[in-house]
Each structure stands twice: as structure tokens, then as C-alpha cells.
Visitor: 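Encoded as C-alpha cells, here's the structure I'll be asking about.
Just so it is clear: chains get the letters A, B, ... in the order the sequence lines come, proteins before strands, and each one is counted from 1. Keep in mind that the numbers below use all heavy atoms, side chains included, and drop hydrogens, waters and symmetry copies.
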There are 2 protein chains.
Amino acid sequence: MSVGIRHDDLRRRNRAMVIGAVRRAGQPSRTEIAATTGLSHSTISAISADLIGEGILTEGKPNEAGSLKRGRPQVGLGLNPEAAAVMTVVLSLNFLSVAVIDYAGQVVAEEQRRLDTLTMSREALIGECTAIVRRRLEDPDLDVSSVARIALAIQGITDTEARTMLWSPITPRTDIAFADILEAEFGIPATMENDCNMMAVALRWRAPERYRDDFIAILLSHGIGMGLVLKGELFTGTHSSGGEFGHMIHRPGGALCRCGRRGCVEAYAGNYAIWRNARQLGEDTEPVADVSDAQMRALAATAREKDGPEREAYRKAGEALGYGLGSLFALIDPAPVAMVGVSAAAFDLIEPALREAIAQTAGGQHSKSISFDTEPNELPLIREGCAMRALTFVDQEIFAPGGQARSGKNVA
Amino acid sequence: MSVGIRHDDLRRRNRAMVIGAVRRAGQPSRTEIAATTGLSHSTISAISADLIGEGILTEGKPNEAGSLKRGRPQVGLGLNPEAAAVMTVVLSLNFLSVAVIDYAGQVVAEEQRRLDTLTMSREALIGECTAIVRRRLEDPDLDVSSVARIALAIQGITDTEARTMLWSPITPRTDIAFADILEAEFGIPATMENDCNMMAVALRWRAPERYRDDFIAILLSHGIGMGLVLKGELFTGTHSSGGEFGHMIHRPGGALCRCGRRGCVEAYAGNYAIWRNARQLGEDTEPVADVSDAQMRALAATAREKDGPEREAYRKAGEALGYGLGSLFALIDPAPVAMVGVSAAAFDLIEPALREAIAQTAGGQHSKSISFDTEPNELPLIREGCAMRALTFVDQEIFAPGGQARSGKNVA
DNA sequence: AGTATTTTTTCGAGGCCCGAAAAAATGGGG
DNA sequence: CCCCATTTTTTCGGGCCTCGAAAAAATACT
């Protein structure tokens, strides 16, 4: 089972701890780091000296916020932006976007492209992805060798190893091993992530006071996706990225879902489902391929204006989401929820039915206290999550003693 | 966040590793332990010498299975049964059972008692539990000081800290801090566990080749419970023991559940629900308090005999369980399932509808490959799980250097 | 300018794990 | 019957790592 701790792992782990503390805290002093990690001052001093020598950390200028305290001023430690860089690739419906991010987390370059993902061949899709990455890598402003990792995100299902897209609504092609492909092409470690999981990762960095150990991010878009953090860990399935909240069954044998099955939550709350209900097309109507954000906003506007099929469509969406959340809460207990995506902008139309439904479920007793945030724009969140995921991977690799670590020692 | 590894933790963790390896393997040699833990022979040698000196491990007799190998024969290391003892207390409907288990996992004493849990006062219920524990502790054959831990299990919901019973179907009383009560009474560390979680723990020890990293244990009894192991870890909710599979919503607004809500899986698949449907009482009929195992077996026999309401009741149960499992699989991906409890003996009646329902869900594509085991008797499983849980806790405590560890050093 | 205060570094001590070699324990073969 | 090959276990020296205490550094207050 789990493996013993070798003596040499100790330093590596504690280096990881220090880097992690710096990434989370921003510009902590050595004393602060000692406090948060529980290690002694001497250890922190030694490790940070190494890390500075290796160019991973940098000493900030003496605290600019005029030190009002008495003694020797703390010197903040920060991540050296030039220590490494990562790339994020977000592949969504008809849209491909790439960004280069420095080690401190700042975007240094980006590129976006429209394409017709639904009809593209497998090769074309892969080709577009590698081409856009190549263009960024060829940017003369970028030191290619510093790019330490690539993180891709895609709507749909990925495997637990974060290497392969198993299935995605944005393309009929399946089982594309994007991570392997990019690694083979560029020799840079890559991972293939699920978009909603990245949303959750981003929320955690954006608002750790609200989203820390246990929370749910739900994407209300064409499909319904979920990213789940439980006990401080990103939750994934046993084989796939899992958390297919949208395909929990709301009504056995119910409305036709895009996945071909019936009664999924998505078949009531996805854009196409709301659209279908608003147009009173009947639950067996084949889901349309895409409803534009503008169309959805118009629908929401109509629903707010008058009590008609549009309003009823949002009510049904709320009900499905509410019962789904209720079932989820039965399994994991209630937790804060962030609603993300275009329909999050219509959450006012969804919320009443949603709360009413939750009240009918095991999560119901806490119904009042469950809070919802909304964030209509999922793309920035996904990109941010990818960036943090890639960067924390780098954190976990760079600190391994060996290579640079040795030269650091020699300098000292 | 996570805390740095202090130098002194190293030894403690590696001792834990060694004890764990011995508990899992039975009578492993030092060489085997070195292989499974990844630690060096010298380290294992040193640690096991300490542990033997402290009376935690014992050297077995030279391998009785006539060593056919050439060199120096391996000496097996085993747990010293006298190193400690634990108690398990299982509280179920109208039944209280206690066992004393030695450090090697053998039952050394037990006691069982019928009582009327549904009508007892809070004080009486607590009193019965402390009384039965006291009687066992007063057993002259038992060295009281060796009892290192007590694990209670109860049907129902407990808190994540494993200290309090929050709610249970076996009594109208709620929020009883059993762990605190027993600790205060006897000065022995105690935990309050959920019965289905203990079933899962036991299955893991009984059949690790089948139930290891990811599996589901479902209790089909008066209520429907679940124990879930994901990625090798027992899954719990954020606040409570969680995993309330029985109260996922199968049909919004559907059959009346014992919990007062409508449409829960349990309202179709619990004993009372099967009974209600078999008697054609209507879905709004108040759930009866208890259906005896004999009654359920009679029901199953009738269902096997002729196609009537009894068979239909089991079909409905299968359907509810199938859709519930399908929704669960959407979240965590499919995993092996063990069906436990009296209705597991009627699984032949349940399985067809269950499989048909699963096929309608996101887990459907794997429908064929999902395997079910059945185990009609939940009590031994729960007791076994409690015992292993308590023992592994002891494993995690005894190895902390200090106290005995010192004397061990002096001897050496 | 001197002192109090706080942060950071230095230094010696103690522990832990590892690899290599030695010791122990046994079966096989001449 | 003795010696050697083989495998397991222990011993030993070396190298790291972390820790606590004390020293050094850097600033505010008086």
C-alpha cells in the first residue's frame, strides 16, 4: 500500500511546503512561513536560501507598507516570475484559447481562435491545438526552455490520469490523448483537465475564505457540468473526471437528453432544454446543437417580463437542479455552490424553484443556509484554474533536489 | 494548510508503516516488509527490533511451512495479541452487541442483549450501552488497562468527527454524543461510526483483492444505507457520515419515505417499502415501524412462486436502486457493489429491474461489467469493521515514540 | 547615540535512513 | 560429516536533515 518515507524525501517535501506557502500567501516573510508550515525558523531559513539561490524565490524589497513595527523589518519572499512559465489551452465549443503565464501567475501572452469544433476532423482538431501552441512557443519574447508545463481544459469527460479526453460535447470525436500528443510534439509535460474541475480550482484561489475545503461549482451552459472540492481535494471519479452532475437522473424515463438517455438533469436545465421548453417543443424533441448566449439572454428577458412558457422553462430547470443538488447533498452534505455560465445570469429565474425542490430533499433542512454565488462568464475561470493547476504542478517538480539544486548548494 | 514534516515525525510514520504492513500481511518477514514499504532492510530491522522490544510485535516460530528455500529461513513477524485490546459496540434495532477483540484481531469475549430501542428514553439507551461496556470491562479474564479503544456503530447518521450520533432510525432520540459519553465514563478513547461505513471497512479487510480502492457497500434492510470507499479512503460527507444513498431522490414527489420526504430510493427499496407495495397499500401509506426478517423472507418466497404484487414490489425496488446507482455512477464512475442485508438474499428478484434501470443511466455503458456480491447478514460485517477500525486506530497511536518506546530503548 | 525589539542566520547536537559488509541460519553436495 | 552456496538479518559508518539556542542584523524609540 502506501510507501515508507525515505530520509531524502524529507527535504523535498518541506521545500514543497515552503513554495506552496509562498504561492498562497503572496509575499510572506520567513517568520510567517515558519508559522504556517510549523517548521523551525532555521529550517525555513535554510530552505529559502536554497530556493533563492536556485532562482525559484526572490526577496522582495523591504516591506513598502511602511513598517510600523519595532524590530528588524520582515523581508517578503515572492515567486520569481522568470523561474518558469506554463501554458493553458482551453478548448470549448467553436473556440480555442491559449495563454502563457509566468511563474508568479501573470499572463504574459495569449491567443484566441474561432473554429468549427463540431464538424472538424479528429486530425484537424488536434492540428489546431498543436499549431496554436507552436505559435506561442515560437514567440521571440518567450524563452521556450522556461515553459515547464501545459494544461489543457475541455468540456466533457477526461480520464483520471488527466491524459485523455474521453468524450466531449464539442466534438463527435472521442478518446483523444491530448496530453500524450502535446508531450510528444513539444517535449513539455502536459495534462488534460475537465473544464468544471478547473473552475473549482480557480474559485479556490480566487476566494479561499469562501471556497476552501468543501464546495461545488456548477456550470450552467449548453450542458450542465460540475466541479467538486471535498475535504480540500478536487473530487474525481474512479476512472474518469467524474462528477457528471448533469447526468444524474432527475425523472426516470423523462425528457430526452443530449447524451441519448432520458430524464437527466441536463435534459431540463441545459440551454437546449430550457430553449426546448420555452418553445414548447415537447420533451422528446432532439436537442439542438447550440443555442447562442444572446438567444439565452433574450429568453431570460422574456421570462422576466411575463409569465409564459419561458418562465416555466426556467422553473423546470430550477426544479431539476434543485432535486439533483438535493440528491448530491444526501451524499456529501450541503456545501456552498457557485453557479457559473450564461444561465447563471438568469439565476433569479431559477432560484425559487430550485430552493423549493431542495426543500423536498435530504438537504432540505439546511435549505435556507445554502448560499449561491453566480458568475456568468466561465472562460476566465477555466483559464485561471488551468494556470494554477499547471503552476502547482511545477511547484511540485522544481523543488525536487537534483540538477539546479546542486548548483545552488555550491553557490552557498 | 498542511503542515511541514518535522524530523521526529519520520520515525513515527515509518513505524506506522511497519505495523500496518504486518497487520495486512499476517506474518511477513522483515524482507517482505522492506519490499512492501520501500524502506531499507536496515531501517526495517531497527524498527522491528524496537517494536518487538516494546511488545507490539512478536517473532513467529521459524516458518512451519517447511522452508523449501535454500538460505537462512525468514522469521515471520506477527502482532502481539496481548499488546492491546479493543471493544466494539454495535447498536441496531432492538439489539445491542459488544465484543472484546485482542490486538491480533481475535474475539476474546462477547455479549448480546435485546432491548426496545424505539421506545426507550435517551437515558435508558445510554445507560444500556455504558452498562454492557462496564460488564465486559469488569470481566476478570480481561486486563482492563489493555483496552485501548472502543468503537461504536449505529444505523443512521453520525458526525464527521465520529463522536456523535446525529440521527438514527432505531430511536426517536437525536444528537447523542456516544463517543464523549463513553470516554468520560471509562477514560478510554471512543469513536461513533456509521454502520454502513463499517461494512465497507470490513469488506476491505475480508476481500482486498475485490474491494480495495473503489467499491460500494449497500445495506438493503429496513432502510437503505451505503458505505463508500473511493481511492482507498472511506468516503464521508462534509459534516456527517454522509453517503445517504437511500435518500437520493428517485421520483420527485413520489412515494412517502420514512424520513418524511417523498420519492427517496428507500421509499421504494426499504423493507417497509417492499412490504407496502407487496400488500398494495399505496405509496402514501405511513411506513410501518418494523418488518421482521422472517416476513421479508416469506415475501421473497411468494414473489419467486408467482407473478403478483410481491414480485412487482421487488421489481420496483430494483428499479429505484438501479436509477439511484446510475446517478451515483454518474458522479463517481461504476465500481463493484456489495449488497448486504436481508433483501440481499432476494437479490435475484431485484437484479433484473436494477440492471435494466442502470442501463438507462450514465453508468449504463458498463452495465454488463458491473458485478454484485450479496451477503445477507450485516451484523458480523459491522462488528468486524468496527474491530478493524479500532485496531488501526490503536496502530496509529501505539507507535508514537515516548512512554513504552523509552523502555524499549533501554532494554536494547 | 544607545537601547529595545523583531527578524534572520549560524552553529552544534541529535536522529534517522541508507548502502555495504558482516553475521546468522539453513540446505545441498562431495 | 564438513564445507560451500544461498538467503535473511544485523551491524556499522556516512551523510542529511531538522531543531534549539545563541548570535547577528536591521530598524524604531527615547
Side-chain angles (χ1 to χ4, degrees), chain A residues 3-18 27-35 37-53 57 59-77 399-402 405-406 408-409 412, chain B residues 3-18 27-35 37-53 57 59-77 399 401-402 405-406 409 412:
Chain A
V3 89
I5 301 176
R6 310 201 24 166
H7 198 226
D8 5 345
D9 290 347
L10 241 183
R11 192 49 171 277
R12 206 179 58 237
R13 292 190 186 216
N14 286 339
R15 282 166 62 103
M17 204 76 57
V18 170
Q27 283 260 327
S29 70
R30 292 167 174 80
T31 311
E32 268 177 70
I33 298 174
T37 60
L39 296 168
S40 72
H41 285 186
S42 10
T43 303
I44 299 302
S45 185
I47 291 178
S48 44
D50 282 1
L51 292 174
I52 291 170
L57 298 186
E59 278 188 328
K61 289 299 100 198
N63 207 327
E64 49 277 352
S67 51
L68 5 75
K69 277 184 304 183
R70 196 78 127 78
R72 175 174 174 172
Q74 307 186 352
V75 316
L77 295 178
F399 51 64
R406 285 218 52 71
K409 274 288 158 65
Chain B
V3 89
I5 302 177
R6 309 201 26 172
H7 202 216
D8 9 342
D9 290 346
L10 242 183
R11 193 49 170 275
R12 204 176 62 236
R13 292 191 186 213
N14 286 338
R15 283 165 63 103
M17 204 74 60
V18 170
Q27 283 260 328
S29 70
R30 292 167 174 79
T31 310
E32 268 177 71
I33 298 174
T37 61
L39 295 168
S40 72
H41 286 184
S42 9
T43 303
I44 299 301
S45 186
I47 291 179
S48 43
D50 280 1
L51 292 174
I52 291 170
L57 298 185
E59 277 187 329
K61 287 301 100 197
N63 208 328
E64 49 278 352
S67 50
L68 2 77
K69 278 183 303 183
R70 196 82 126 75
R72 173 173 176 172
Q74 307 186 351
V75 316
L77 296 178
F399 51 63
R406 285 217 51 71
K409 275 287 159 65

Visitor: Rounded to whole angstrom units, what separation is found between the CG atom of A/D9 and the P atom of D/dT18?
Guide: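 For the pair A/D9 CG and D/dT18 P, the rounded distance is 12 Å.
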Visitor: A/G38 and B/R6: which non-hydrogen atoms are nearest, and at how many Å?
Guide: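 Taking A/G38 first and B/R6 second, the nearest heavy atoms are O-CD, 4.1 Å.
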Visitor: Taking side chain to side chain donor-acceptor pair (under 3.5 Å) as the test, write out the residues that go with A/H7, two or more places apart.
Guide: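 So A/H7 forms a side chain to side chain donor-acceptor pair (under 3.5 Å) with B/H7.
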Visitor: Does B/S42 have any side chain to side chain donor-acceptor pair (under 3.5 Å) partners at least two apart in sequence or in another chain, and if so, which?
Guide: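 For B/S42 the side chain to side chain donor-acceptor pair (under 3.5 Å) partners, ignoring immediate neighbours, are B/S40.
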Visitor: Whole angstroms only, please: what is the CG-C1' distance between B/L10 and D/dC19?
Guide: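 So the two atoms are 14 Å apart, to the nearest Å.
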Visitor: Once each nucleotide of nucleotides 2-12 of chain C is scored for protein heavy atoms under 4.0 Å, what B/S/- sequence comes out, 5' to 3'?
Guide: --BBBBBBB--
Visitor: Taking side chain to side chain donor-acceptor pair (under 3.5 Å) as the definition, give me every residue that meets it alongside A/T31, ordered by chain and number, with sequence neighbours left out.
Guide: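 Checked A/T31 against side chain to side chain donor-acceptor pair (under 3.5 Å); zero matches.
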Visitor: Output all residues satisfying side chain to side chain contact (heavy atoms under 4.5 Å, CB included) with B/R30, sequence neighbours left out; order by chain, then residue number.
Guide: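 With neighbours one apart ignored, the set is B/I44, B/S48, B/I52, B/E59, B/V75, B/L77.
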Visitor: Both B/R6 and A/H7 contact DNA chain D. Taking the nearest nucleotide for each, which residue is further toward the 5' end?
Guide: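 Closest to the 5' end, via its nearest nucleotide, is A/H7.
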Visitor: Suppose we screen for side chain to side chain donor-acceptor pair (under 3.5 Å). Which residues come up paired with A/S29, at least two apart in sequence or across chains?
Guide: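 Residues passing side chain to side chain donor-acceptor pair (under 3.5 Å) with A/S29: A/Q74.
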Visitor: B/R13 has an atom CZ; how far is it from atom C1' of C/dC17, in whole Å?
Guide: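 B/R13 atom CZ is separated from C/dC17 atom C1' by 15 Å.
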Visitor: Indicate whether OP1 or OP2 belonging to D/dC17 is found under 4.0 Å from a side-chain N or O atom of A/N14.
Guide: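 Negative; the distance criterion is not met.
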Visitor: Would you please confirm or rule out a distance under 4.0 Å between OP1 or OP2 of D/dC16 and any side-chain N or O of A/R11?
Guide: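 Answer no for this pair, as no side-chain N or O of A/R11 is under 4.0 Å from OP1 or OP2.
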